[in-house]
There are 2 protein chains.
Amino acid sequence: MRGRTTAAQVRKDLSHFGSFGKRGLGYKVEELRQRLRQILGVDRLWKVALIGAGRIGSALFEYPAFESRGYECVAIIDSDPDKIGTNWNNLQIRSPDHLESLIRGLGVELVILAVPARAAQEMAERAVEAGIEGILNFAPIRLKVPTRIPVEDVNLVMQLEALSFAITQRGPAA
Amino acid sequence: MRGRTTAAQVRKDLSHFGSFGKRGLGYKVEELRQRLRQILGVDRLWKVALIGAGRIGSALFEYPAFESRGYECVAIIDSDPDKIGTNWNNLQIRSPDHLESLIRGLGVELVILAVPARAAQEMAERAVEAGIEGILNFAPIRLKVPTRIPVEDVNLVMQLEALSFAITQRGPAA
DNA sequence: GCATGTGAATAGGTTCACAGCC
DNA sequence: GGCTGTGAACCTATTCACATGC
């Protein structure tokens, strides 16, 4: 069954956070929307640092949805000497040497980790040490960070493999 | 609790597909690895078409893990006239006009959809019509395709929002 | 003795059915 | 009457404990 979103499911999920509608009447959509934005924590601006200015980092940086959805990139870090000092959109690429002071100075809360696997763990640890609160991780490793720090993994190879598995499971197609 | 992978869990999962070890002895790692590759369907080469040659598409195309993990990009499609005809790595970018014949002619099995949301549904339908078997979807919409076609969604904004939620839930950090 | 494989117990999450309130 | 909110039923997935075979 493909993730059909049922009415009962939505009501149950909402009930986990409170009661938002009026029986027999329905929901005030805009009000509900605002309440949900509060609950999700997307009713404010989040300060993001991009660690890794390679292809993925560049694609993300240009991705308009981030800024428009409340995620502001306030720092770009990369270890490539050819990149350090150059600008993306008026934002200067900085060396990882300054990671901690950058994060602390700018009040960075989230980190997008788009560096090679071998560098990811160290960068993550230093970012956590500097006080960030969450990590969006593109490196194909399981980061070891304190449990208080949420990590979201993006693993595109795994997702392709999930497709391969689903296709293989249901037998060769017609 | 952060996704701790337990021994019992692994055994239970394996048991779903068969019996691979010897009691009291353990698993032959390389043999197990091959069996699992078969089950996952990653023991062969998959032919992939990249639809959308923007920033994300470009990042993916250059991503070495794909090729090395058995996913071969055999076609790039984009509607931008400035891109059509140019080459990425000896692969010519083609117009979506030829989508169906390209897919059929090259035996494309998987599609990576990295086009703007407004174009995604149409491209998906045409790709399915042409016989592809699965979609890795970067467009932030729920594609409507036959249930026999598995879809994996990549939604980076949602993953950032998941971080925002997790952080907000556990109360402002120390 | 030791590590796998598996039924039983448990936990977690979804679906159902209806009570409660407009 | 209609739509929300929710306890109960149900179903799936994880954890446990041990039987099984080397």
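Numbered from 1 within each chain, the chains take letters A, B, ... in sequence-line order.
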| Residue pair B/Q34 / B/Q38, side-chain donor-acceptor N/O under 3.5 Å | no

List every contact pair, protein side and nucleotides 1-4 of chain C side both N or O, where the distance is under 3.5 Å.
unit_1 : atom_1 : unit_2 : atom_2 : d
C/dA3  : N3     : B/G24  : N      : 3.1

| task | Starting from P on D/dT4, measure out to CZ on A/F17 and report it in whole angstrom. | result | 18 Å

| said: Does any part of the side chain of A/T86, heavy atoms only, come nearer than 4.5 Å to the side chain of A/I84, both counted from C-beta? | reply: no

| said: In whole Å, I'd like the distance from the CG atom of A/D13 to the P atom of C/dG12. | reply: 16 Å

| field | Trace of the side-chain contact (heavy atoms from CB on, under 4.5 Å) decision for A/F138 with A/I51 | value | CA-CA 10 Å; A/F138 284 81; A/I51 305 185; over 6 Å; no

| message | In whole Å, I'd like the distance from the NZ atom of A/K12 to the P atom of D/dA8. | response | 10 Å

| field | Min side-chain heavy-atom separation B/I135-B/V145 under 4.5 Å | value | yes

| When the ring planes of A/W46 and A/Y71 are compared, do they come out parallel, tilted or perpendicular, using 30° and 60° as the limits? | parallel

| query | Roughly how many Å is it from NZ in A/K28 to P in D/dT4, rounded to a whole number? | reply | 15 Å

| In whole angstroms, how far is the P atom of D/dT15 from the CG atom of B/L14? | 15 Å

| Distance check: side-chain N/O of A/Q9 vs OP1/OP2 of C/dT15, anything under 4.0 Å? | yes

| task | Show your reasoning for whether side-chain contact (heavy atoms from CB on, under 4.5 Å) applies to A/L110 and A/L136. | result | CA-CA 8 Å; A/L110 298 175; A/L136 184 64; over 6 Å; no

